[in-house]
> 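Take this structure first; my questions come after.
The basis for the numbers below is simple: all heavy atoms, side chains too, and nothing from hydrogens, waters or symmetry mates. For clarity, every value in this text was computed on a predicted model and none was experimentally measured. Count residues from 1 along the sequence.
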Amino acid sequence: MQPPDDTATLRTARRARERRAWAEAAAAYEDALAAAGGESAPLWLDLARARFRGGELDAAWSACLAAADLGRAEGDPTVLADAATVVVGLSGDPICDQIHELCREAIHSLGNTDPVRTARLLGQLAATANRWAGDFEAGVVDEADRLATASGDGDARLLALFARHAHSQDFRTPEARLDLGDQAARLAAETGDRRTAMWGHFWRLDTHYELCQRLEMDAELVALTAVVNHLAEPYGRWRLRLIQASVAALEGRFDDGFDRADEAVAIARATGGSGQAEFLHMVVQGNVGALSGRLDRVAEVESFVRRLLADEGPFLARNWLASLLGSLGRVDEARAVWESMIPHLEAFPRYTPEWVINLVGNTNLSVQLGDDRIAQRLYHELAPFPERLAIGGAHTPPEGLIAHHLGRLARLLGDDAAARVHFEQALGLAVRLGSAPFEAHARLALGELSHTSAVPAERREAEQQLMQAAAIAARIDLRPVSGPADALLARLRPSGTSLLSGREEQVAALVAEGSTNRQVAARLHLSERTVETHVRNVMLKLGFDSRAQIAAWYARRTSGSAT
């Protein structure tokens, strides 16, 4: 049954759609469907599109299935094809498997009668393939690309890009993902489709973040924010909030990161399409909780992962559970889960965004448990990527610099010289990225390497690194660094000795009181120029760049927490 060509209800729906008022458009289509007795496949498809753009993923897919049922009953394969290509851009969602199967059915039903719809279906088929099951649909990506290009259809070309992107997740080929982002940008400019532009920004931002390219990353984030705000669609809005949460964690603004993640899941819940957002919210809670030392957050995620495993979640998710237990200090439990994982570690699929996250998780467990059985293999796998960040996409939290993880593995394997090279590289990358947490971790690692050295110069270097690590940790409340750095400093200076000279100690004390250089000069009977030199030396030795940092350090030191 076909809907009337023009009714007041449909005119309302169209006007709402033009204003991107997707909930209003969906309500109008529901009214039109009720008037048609629910027997109009085109109206079900229009309703599905409005629900999808409004962020109601499950409801959108239900409308697609209703349309597909009518298409089968009417013997119309074009309806099956259109129903299979409404919900696009998903990955890792249970709906993907159902979309994949509907694509197969529609391709078979269409035959060779409709090259444009066939091109769309092939792109969607490849994009929704289950990479965890090794389902790569050999040749389908190339065929989707060929047909989409020949058709000139914007939707088919976008779906072909989705397919190519889904099959370009190998960590070894970031250039391919950047190129796909560029292709999406060109397609958006050609078609005027802002959603296509949004995907281009997502893909380029993911890759620049992974490559530690901070300037490019920031530029993409600005452009993405403008597009998302223009579209005002829930999916783009909550994913953008997760990206903001990730950047906040990268910079050590942990409370901001948790707040942005909470906002993301609230946006998704408001439309009933929160499945993927809920999962990613848990990822933020666990990973940023472990990075910052907020163990109450980690404990909450441990319960979530146990429920996931009980509900027949993937066996390899036990790696996540073991990492959480390790972060909580429950080492014996972590070891038991780790032992159950050892025989299966090589089964983790390489062609997924989670591949590098899995390697980093295994590194964390190997180091924490002092288990070098697979350390050499982990080192070999990570060694080609020393200038990269371990991250599963910009909408997920960063898992540390790979150079840093290589340094930890080198130490586990007894190669301190290689570890130093890696930690120094990690320090440089952290500074380039503007990442206070990763800078603090790198400085702590360098201090740990040299604090027992018999060479005085190396011990002085260790003390300076540890003092800078402690200062950063105090500023951003980085608990996993504060304790170890303070403890090592206490061992380096058992008699209360200081890296500063006696005069520099006096200057630092007066600066901490809020005195200006002129006031310090008067108090100590020195020239202002001499005081300037002392202040500069204090900053240089402590790795500070402001008088406020000197004051904060001195306050901690005199309270007994920094020495």
Side-chain angles (χ1 to χ4, degrees), residues 41-42 44-46 48-49 52-53 57 60-61 63-65 67-68 70-72 74-91 93 95-131 135-169 176-200 202-203 235 351:
W44 277 113
L45 290 170
D46 283 337
R49 294 182 186 104
F52 176 59
R53 298 291 292 271
L57 299 185
W61 180 238
C64 289
L65 292 177
L70 289 174
R72 291 188 194 94
E74 297 168 3
D76 187 347
T78 64
V79 173
L80 293 179
D82 291 345
T85 52
V86 169
V87 178
V88 299
L90 297 187
S91 62
D93 193 287
I95 292 176
C96 289
D97 291 339
Q98 299 176 51
I99 295 173
H100 193 76
E101 290 308 311
L102 185 56
C103 284
R104 287 187 181 281
E105 180 185 354
I107 289 168
H108 177 74
S109 298
L110 270 181
N112 298 317
T113 61
D114 194 328
V116 171
R117 284 188 168 90
T118 298
R120 295 175 186 169
L121 285 167
L122 287 174
Q124 181 81 312
L125 184 73
T128 56
N130 188 340
R131 297 187 298 278
D135 186 5
F136 278 89
E137 301 293 338
V140 173
V141 176
D142 290 339
E143 182 64 7
D145 207 14
R146 185 186 69 79
L147 287 178
T149 301
S151 73
D153 178 69
D155 290 339
R157 291 165 67 191
L158 177 58
L159 281 163
L161 289 177
F162 280 133
R164 188 71 67 187
H165 186 265
H167 293 269
S168 299
Q169 296 302 312
R177 282 173 270 130
L178 278 179
D179 180 62
L180 288 167
D182 291 343
Q183 291 184 51
R186 290 194 293 271
L187 178 59
E190 181 182 329
T191 62
D193 184 359
R194 293 288 188 95
R195 294 194 90 243
T196 300
M198 178 182 74
W199 285 106
F202 277 143
W203 296 342
Y235 178 83
Y351 300 96

> State, with a plain yes or no, whether a side-chain heavy atom of Asp82 is found less than 4.5 Å away from one of Arg120.
yes
> Could you walk me through whether Trp61 and Leu90 pass the side chain to side chain contact (heavy atoms under 4.5 Å, CB included) test, one step at a time?
CA-CA 12 Å; Trp61 180 238; Leu90 297 187; over 6 Å; no
> Backbone N or O of Ser168 within a donor-acceptor pair of the Arg177 side chain at under 3.5 Å?
yes
> How long is the span from the CG atom in Leu159 to the CD atom in Gln124, to the nearest 0.5 Å?
5.5 Å
> Find the distance between OG1 (Thr85) and CG (Leu80) and round it off to the nearest 0.5 Å.
10.5 Å
> Supply the atom-to-atom distance Arg104 CZ to Leu102 CG, rounded to the nearest 0.5 angstrom.
12.0 Å
> So, taking the atom named CG in Asp153 and the one named CG in Leu147, what distance separates them when rounded to the nearest 0.5 Å?
11.5 Å
> Quick one: OG1 on Thr118 to CG on Leu125, what's the gap to the nearest 0.5 Å?
11.5 Å
> What's the separation between atom CG in Asp179 and atom CG in Leu161, rounded to the nearest 0.5 Å?
9.5 Å
> Under the side chain to side chain contact (heavy atoms under 4.5 Å, CB included) rule, what do Val79 and Arg72 come out as? Steps first, then yes or no, please.
CA-CA 8 Å; Val79 173; Arg72 291 188 194 94; over 6 Å; no
> Could you list the residues that satisfy side-chain contact (heavy atoms from CB on, under 4.5 Å) with Asp193, not counting sequence neighbours?
Thr191, Arg195, Thr196
> State, yes or no, whether a side-chain contact exists between Arg164 and Gln183 at a heavy-atom distance under 4.5 Å.
no
> Taking the side chain as every heavy atom from C-beta outward, state whether Leu110 and Arg117 have any pair of such atoms under 4.5 Å apart.
yes
> When you measure from the side chain of Glu143 to the backbone of Leu122, do you find a donor-acceptor pair of N or O atoms at a distance under 3.5 Å?
no
> Closer than 3.5 angstrom, by distance alone: can the side chain of Gln169 be matched with the main-chain N or O of His165 as a donor-acceptor pair?
yes
> Does the side chain of Asp97 reach to within under 4.5 Å of the side chain of Thr128, using non-hydrogen atoms?
no
> Is a donor on one side and an acceptor on the other found under 3.5 Å between the side chain of His100 and the backbone of Asn130?
no
> Under 6.0 Å between the ring centres of Phe162 and Trp199?
yes
> Go through the structure and list residues passing side-chain hydrogen bond (donor to acceptor under 3.5 Å, both in side chains) with Arg186, not counting sequence neighbours.
none
